[in-house]
Amino acid sequence: MLVLLAVAAAMGLLLFAFATLFGKDPHQVPFGLKDKPAPDFTLTRLDTGETVKLSALRGRPLVLNFWASWCGPCQAEHPTLARAAKHFGGEASFFGVVFEDTPEEARKFARPMEPSFPQLIDPQSRMAVDYGVTGVPETYFIDAQGIIRDKFVGPLLDMQELASRLHALQQATGPVGASR
Amino acid sequence: MRGTLGYAFVLGGLLCAIFGAVVGIEGGLRRRPATRLWVERATTGFFLCMLGANLTMVWALVAHDFSVQYVSHVGSRSTPLVYTVVSLWSALEGSILFWGAILGVYLFAFARAQHDSRGRNVEMALGAMLGAATFFAFLIAGPANPFGPVSPVPPDGPGPNALLQNHILMVIHPPMLYCGYVGMTVPFGIAVAALLDGHLGEAWLNALRRWTLLAWTFLTVGIILGSWWAYAVLGWGGYWAWDPVENASFLPWLTATAFLHATMLQERRRVLTLWTMSLALASFALTVLGTFMTRSGIFNSVHSFTQSDIGPTFLVFLGVVVAVSIGLLAVRGPMLAPEDPLPGLASRETAILVNNLLFAALTFTILLGTVFPLVREAFFGVRVSVGAPYFNRMAIPLGIAVLFLMGVGPSLPWGRADAGTFQRQFLVPLAVGLAVLGGCLLAGLRGGAALTTFALGGFVATVTLRELFLPTFVRMREKGEKPWTSFARSAARARRRTGGYLVHLAVVLVFVAIAASQAYVQHTTGTLMPGQTLSLGGYTVRFTGLEEGADPHRRWVAARLDVTTPRGGHGTLAPRMNFYERSTDPVGSPAVASSAFDDLYLTLLAFNENGQGGSASFNMWTFPLVGWIWWSIPLFVLGALVAAWPKRRSVPVVSEGSTAAADAARGTA
Amino acid sequence: MSVLVLALLLSATPHAPQQAGSALLDPTREARVQALGKMLRCPMCQGLSIADSGSSAARAQMDRVRELVAEGKTDDEIRAYFVARYGEWALLEPPAHGVNWLVFLLPVALVLVGALVIGRLVRHSSVAQAAGAQPAPSPASADPYLDAVRAELKK
């Protein structure tokens with residue numbers, strides 16, 4: 001009898017636990033670097049071969065977009081990001097980072113797109129793993145102090161969504177000018 | 001039009017189920033004589049309605065009738081016909097509809113089989129099963145209705161999930177698994193009826209065991225085919241990932257296996273009746289839990305369907321099943337349990353108790369590991385993972401203990417072992433086990449778990465073969481019969497014994513194959529230009545070039561390789577990468593060359609079309625003996641058939657008691 | 001939904017080579033890489049380890065593990081690196097501390113309690129049996145099993 005009661009109690013707890021989890025996405029991967037300083041990186045640009053260092057980008061919010069040429073959703077979101085880069089280019093820096101791809105393929109991918117924001121080559125995706133990327137596409141929002149405030153997993157297709165995140169980034173840091 | 005027709009069938013099924021459940025339970029409890037007729041009619045009605053609904057859906061799928069909601073979700077004009085039919089169970093709503101059809105068949109078959117037996121427990125059992133059927137019919141009619149209308153009607157659909165159309169095994173694996181899952185409804189109904197009745201007779205226990213064995217067989221085949229599918233399709237070189245849904249199918253298998261062993265105790269002595277009933281009830285509850293896991297959208301699993309709103313409904317049903325089971329055990333249980341004393345420590349009875357403990361521990365461990373991340377998240381808000389390293393650490397020792405017991409148990413007599421038992425029964429098998437161990441060591445094999453498994457495998461196989469063939473030899477010697485006649489006759493006299501030992505042999509085979517393929521796997525990886533080779537474990541592959549192509553539903557790139565096997569054979573393999581419009585990462589198709597000794601397993605990791613003929617990167621594995629895991633299926637099925645085949649059509653199940661007596665030939669107690 | 005539509009519209013199917021993994025280390029250190037990889041969870045798979053998965057993210061992470069091993073980091077440091085990014089979720093076996101102990105100890109407790117129950121059950125009943133009737137007379141022949149088979153034959 002005692003055993004039955006114990007089993008009943010355990011099952012009750014279990015079912016309760018299940019009930020609290022409805023509506024949560026089990027595939028979402030925890031992100032440990034939120035509100036942490038963005039790891040430094042030194043990467044080369046896909047087009048010019050120039051070196052880009054994170055430390056040199058401080059002082060302006062930064063949008064980092066991870067993508068690959070073999071990723072369909074990345075192609076789908078690219079125009080949105082390109083437009084955003086044009087529109088908000090004065091307020092924030094935009095960079096793309098090539099994930100698990102060869103430079104030739106990445107260039108092939110980038111060429112037909114209108115010249116937009118600079119793309120960086122990340123050999124062996126080392127920097128992507130440093131940033132806790134879980135796949136592509138992912139877009140990181142880093143504030144003027146170099147703190148990762150947010151990341152968006154999946155294709156960013158909605159300009160509004162992007163704008164509001166960028167806005168939140170500026171809110172978090174205060175106006176760009178003030179942080180200087 | 002088809003949507004309306006299908007939905008009408010579903011509603012009819014729902015009404016039949018509700019009516020039958022109420023009449024069956026109520027009439028049975030009040031002992032109304034007319035009940036049986038009406039319950040049987042309700043069962044037949046449910047069966048026919050579910051059949052009708054499923055046929056309507058298949059018709060709609062084949063006709064590409066995109067005005068039916070489910071068809072618009074999984075159908076596509078470009079999908080090959082066989083996968084179009086299979087898409088009946090490729091997504092949530094269809095799979096539950098299909099579930100309903102199987103349930104209908106089971107209920108109908110049970111009603112037919114019990115048609116001639118008297119007693120109110122048949123009504124109550126059918127009532128309880130129709131109660132479960134009510135839930136599923138409700139799901140199909142409401143939260144998971146596949147027949148809803150679509151407006152405007154789309155010209156084409158997206159087709160079924162990419163992973164599901166990658167391999168032919170997907171055509172047979174899910175139905176087998178569903179037959180196993182759904183089949184547990186019948187033992188559940190029987191157990192509920194026994195508890196309501198407050199009495200578990202010989203015939204009823206027999207029916208309980210038979211139907212469990214049937215479901216168990218389907219479940220066994222389904223699980224093994226599932227592992228085969230994972231191996232042949234997922235391309236990571238494994239066959240069991242301790243994925244929540246794999247675990248979910250394994251859990252009821254474990255409790256059903258424990259149950260089948262516990263019933264051997266049941267028929268000799270009235271011991272642990274409540275425990276045995278709990279196992280039957282738990283097997284059903286665990287199938288419901290497993291289905292919930294697959295379909296609620298709260299588990300992260302390779303098989304899980306997308307987020308859906310049937311989760312809460314399922315949770316309520318799971319709660320009801322658990323509450324009814326525990327309630328019945330608590331309230332009616334004591335009526336079933338006048339217990340006999342157990343014999344001494346070294347007896348078959350004790351071995352079966354230990355067997356049940358081990359299976360219970362395995363069930364508990366795997367259940368705990370599977371739900372722990374959810375419990376952690378629900379109560380502590382922390383996301384943790386419990387994966388293969390944990391399950392291997394916990395389950396391997398228990399599995400080895402089970403294997404050991406498979407040798408010890410059958411060697412012990414019923415009742416009490418005497419001093420001579422050890423010498424008589426264990427000496428030869430132990431010697432064989434040690435010889436196997438010595439042979440492996442001499443052959444240069446190392447590794448504790450694997451060598452233990454091989455040695456125990458030799459020990460268990462010897463015991464099992466002796467138990468299988470000793471009666472045959474005795475007959476041959478004393479009656480002068482031919483070997484085959486003698487075996488057939490001794491097998492026919494003790495079918496369950498024979499069947500059980502055949503299954504034990506299959507289990508040994510699986511154990512050895514798993515141990516060998518895990519411990520002696522070899523792996524390498526490399527990037528090849530055309531003409532270059534890669535070697536591993538005696539196999540050499542030479543990359544000859546890339547090839548691309550398109551099927552209606554996908555595009556693919558294949559790398560062609562010439563293979564030389566260690567035994568001098570030649571062949572070609574072509575691992576592929578498939579690109580589906582709906583998935584970001586390509587889905588790999590491994591290429592496998594199987595032999596009785598080992599499998600060569602190749603996957604395409606990356607490729608580059610630039611340069612002369614391009615280059616390609618491969619993962620290359622060899623898995624010793626791995627094929628024997630799935631080739632054990634015929635032996636499992638043969639054993640189960642021998643054990644479960646009805647004796648004679650006209651004789652009701654009660655006469656099975658004589659088989660039990662034959663089985664008792666072993667004992668002296 | 002719009003994702004799907006767009007993906008369908010871009011008829012130029014994603015169809016390009018991916019970067020291959022980094023070169024393997026020497027056997028001893030590579031064995032460490034593989035062992036570590038088996039314990040780390042692939043972020044875009046379903047419960048597979050990064051050593052098992054062939055997905056792009058898993059390959060990237062394996063390369064990073066290899067790099068960290070090559071840099072001379074300890075196993076603990078490498079695990080901590082991944083936990084910092086993906087939480088304890090990244091470990092396929094929960095680290096043994098706090099509530100996590102339950103998942104290791106409860107099964108052991110179950111086996112112990114079960115063994116105790118069986119022991120008591122068996123001892124109890126043997127005592128009851130000894131106190132009651134005599135045990136069944138021991139068979140005449142040396143092998144009771146063969147006797148049973150013969151008895152069965154005579155039926």
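Residue numbers start from 1 in every chain, and the chains themselves are labelled A, B, ... in the order their sequence lines are given, proteins ahead of strands.
Per-residue counts of heavy-atom pairs under 4.5 Å with chain C were compared for B:Pro373, B:Gly387, B:Gly526; the largest is that of B:Gly387. Per-residue heavy-atom pair counts under 4.5 Å with chain B were compared for C:Val99, C:Leu91, C:Val111, C:Val108, and the maximum is reached by C:Val99. Options C:Leu92, C:Val117, C:Asn100, C:Leu102 differ in how many heavy-atom pairs under 4.5 Å they form with chain B, and the most are formed by C:Leu92.
B:Leu368 and C:Leu106 make their closest contact through CD2-CB, 4.0 Å (heavy atoms, listed as atom of the first residue, atom of the second, distance). The minimum heavy-atom distance linking B:Trp236 with C:Asp52 is given by the pair CB-O, 3.1 Å. When all heavy atoms of C:Leu110 and B:Leu357 are compared, the pair lying nearest together is O-CD1, 4.1 Å. Scanning all heavy atoms of the two residues, the minimum distance from C:Glu93 to B:Tyr390 falls at OE2-CA, 3.4 Å. When all heavy atoms of C:Pro107 and B:Phe364 are compared, the closest pair comes out as N-CE2, 3.8 Å.
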**OP:** In sequence, state the C-alpha distance, the side-chain angles, and the governing distance for C:Trp89 and B:Ser385, and then conclude on side-chain contact (heavy atoms from CB on, under 4.5 Å).
**Re:** CA-CA 5 Å; C:Trp89 183 92; B:Ser385 303; 3.8 Å; yes
**OP:** Applying side-chain contact (heavy atoms from CB on, under 4.5 Å), run through B:Leu272 and C:Leu121 and close with a yes or a no.
**Re:** CA-CA 10 Å; B:Leu272 300 180; C:Leu121 217 64; 4.2 Å; yes
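Looking at C:Phe104, both its backbone and its side chain come within 4.5 Å of chain B, counting heavy atoms on both sides. Of the atoms belonging to B:Arg489, not a single heavy atom falls under 4.5 Å from chain C. With a 4.5 angstrom heavy-atom cutoff, B:Phe380 touches chain C only via side-chain atoms. With a threshold of 4.5 angstrom between heavy atoms, B:Thr603 does not approach chain C through any atom at all.
Taken to the nearest 0.5 Å, the CG atom of B:Leu605 stands 11.5 Å off from the OG atom of C:Ser56.
A salt bridge between B:Arg383 and C:Glu88 is absent, with no side-chain N of the basic residue lying under 4.0 Å from a carboxylate O of the acidic one.
The shortest side-chain heavy-atom distance between B:Asp243 and C:Leu48 does not fall under the 4.5 Å cut-off.
More than 12 heavy atoms of other shown residues, nucleotides or ligands fall within 6.0 angstrom of atom CZ in C:Arg29.
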